[in-house]
Asker: 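Once you've had a glance at the structure underneath, I'll fire off some questions.
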Amino acid sequence: MSRVYNFSAGPAVLPEEVLKSCQSDMLDYHGSGMSVMEMSHRSAVFQGIIDEAEADLRDLLAIPDNYKVLFLNGSANHQFAAVCMNLMKNKAADYIITGQWAKKAYAEAQKYGTANAVASSADETFSYIPDCSDLPIDDDADYVYICENNTIYGTKYKTLPNTKGKDLVADVSSCYLSEPMDVTKYGVIYGGVQKNIGPAGMTINIIREDLITDDVLPGTPTVMKWKTQADKGSLYNTPNCWDIYVCGLVFKWLKSMGGLAEMQRRNIEKAQILYDYLDASEFFKGTVRREDRSLMNVPFVTGDADLDAQFVKEATAAGLVNLKGHRTVGGMRASIYNAMPKEGVEALVKFMGEFEKEHK
Ligand SMILES: *Cc1c(COP(=O)(O)O)cnc(C)c1O
């Protein structure tokens, strides 16, 4: 067996310790005589798994009691619609467009009401986060929407927008649990888990209680109404039991590593290695405005598409895989989520140095 350094944006690297736990639990989860995949979601054993996962997540993020945690089947794309169906009571919402995922959420919202783009960084290919200190927030807006870490373009909000009293809804798919968050600053936090937490197939939504109501848009499917799920402890439909279990293991792993403040320290340290190299290099260039750089997704280019392709190819042969940039951006992108060890980033930078020497 040989494992590569996997820089995929998602589905992405998981902690080896977690994969090993999955392996050892595979045939017989804690004396139950069965795999988690074979278990009833109504069983006491599974109830223990989901309760413990929620408790650990609450611990990690210090989630206040007036916020619910939902484990929901599906993807972040499902929530693009669910956010509107559950929150757009005035049929108006303000979106800040900082990349592909924000743009998609915004496009979805236009199906349900009036979505206003109150700021955008499209003018410079989303290479920065716009100034959000004094936006033209709509008086009627039901919420203000952001994509907090832009997976494709490699930017991250360092300060949250001034929403002028409106509830903030944030897609945190690619920065979930990468650092501590002040949950009280948000109405809704959600993200697909396949970037920084677990296997694909689920989102985790953290929602302030008063935003979970029966007052949803007409035609909202029962299963997509957050209240349905909150009332049933995320067990209205059969949930993604396996995913909840793996996410639970990741929560335990994060706690064993020292929690989110320690993860943040590590993530800063890892990203710094790569950004320092990019800043010093005369060959590779980062594509993002310095103050808006993501700790999780680092896009870079040589400026020559053929050299980019050659770099990706040779890196793959050296066991540094999935470094090709998103098809809309080109170049390279290194996703260095929680589970990417520092050694992986060091190996990447070493390889970049050798490639640079050879081709400069
Ligand atoms: C990957 C990603 C999505 C899309 O996720 P799906 O689960 O495939 O719908 C949405 N938002 C962000 C920030 C992402 O990184």
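Read the numbers this way: they start at 1 and go in the same order the structure lists the ligands and their atoms. All values below were derived from every heavy atom in this structure, side-chain atoms included, with hydrogens, water molecules and symmetry-related copies excluded.
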Asker: Purely on distance, is any nitrogen or oxygen of Thr151 under 3.5 Å from one on ligand 1?
Answerer: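 Among all N and O atoms of Thr151, at least one is under 3.5 Å from an N or O of ligand 1.
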Asker: Could you tell me whether the side chain of Asp308 and the main chain of Lys324 form a donor-acceptor pair under 3.5 Å?
Answerer: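 No, Asp308 side chain to Lys324 backbone: no donor-acceptor pair under 3.5 Å.
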Asker: Suppose we measure from atom 11 (N) of ligand 1 to each protein heavy atom; which comes out shortest, and what is that distance?
Answerer: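 I find the closest protein heavy atom is Asp171 OD2, 2.6 Å.
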Asker: Should the ring pair Phe311 and Phe355 be called parallel, tilted or perpendicular, given that the plane angle runs from 0 to 90° and is split at 30 and 60?
Answerer: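 Ring orientation, 0 to 90° scale: perpendicular.
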Asker: Only one of Ile212, Asp171, Leu87, Ile206 forms a side chain to side chain contact (heavy atoms under 4.5 Å, CB included) with Val188, so which one is it?
Answerer: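 For Val188, the side chain to side chain contact (heavy atoms under 4.5 Å, CB included) test succeeds with only one of Ile212, Asp171, Leu87, Ile206, which is Leu87.
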Asker: Would you mind telling me which of Asp140, Val169, Leu135, Val144 makes a side chain to side chain contact (heavy atoms under 4.5 Å, CB included) with Asp94?
Answerer: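 Exactly one pass, corresponding to Val144.
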Asker: I'd like to check which ligand 1 atoms, numbered from 1 as shown, lie under 4.0 Å from a non-hydrogen atom of Ser173.
Answerer: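 Atoms satisfying the 4.0 Å criterion: 11 (N), 12 (C), 13 (C), 14 (C), 15 (O).
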Asker: Can Thr302 and Asp304 be counted as having a side-chain donor-acceptor contact under 3.5 angstrom?
Answerer: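 Short answer, no.
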Asker: Do any heavy atoms of Cys147 fall under 4.0 Å from ligand 1?
Answerer: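 Yes, that is the case, since the closest heavy atom of the residue is under 4.0 Å from the ligand.
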Asker: So between Lys104, Lys195, Gln79, Gln194, whose heavy atom ends up nearest atom 1 (C) of ligand 1?
Answerer: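 Looking at heavy atoms only, Lys195 sits closest to atom 1 (C) of ligand 1.
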Asker: Is there any N or O on Phe80 that sits under 3.5 Å from an N or O of ligand 1?
Answerer: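 There is no such contact.
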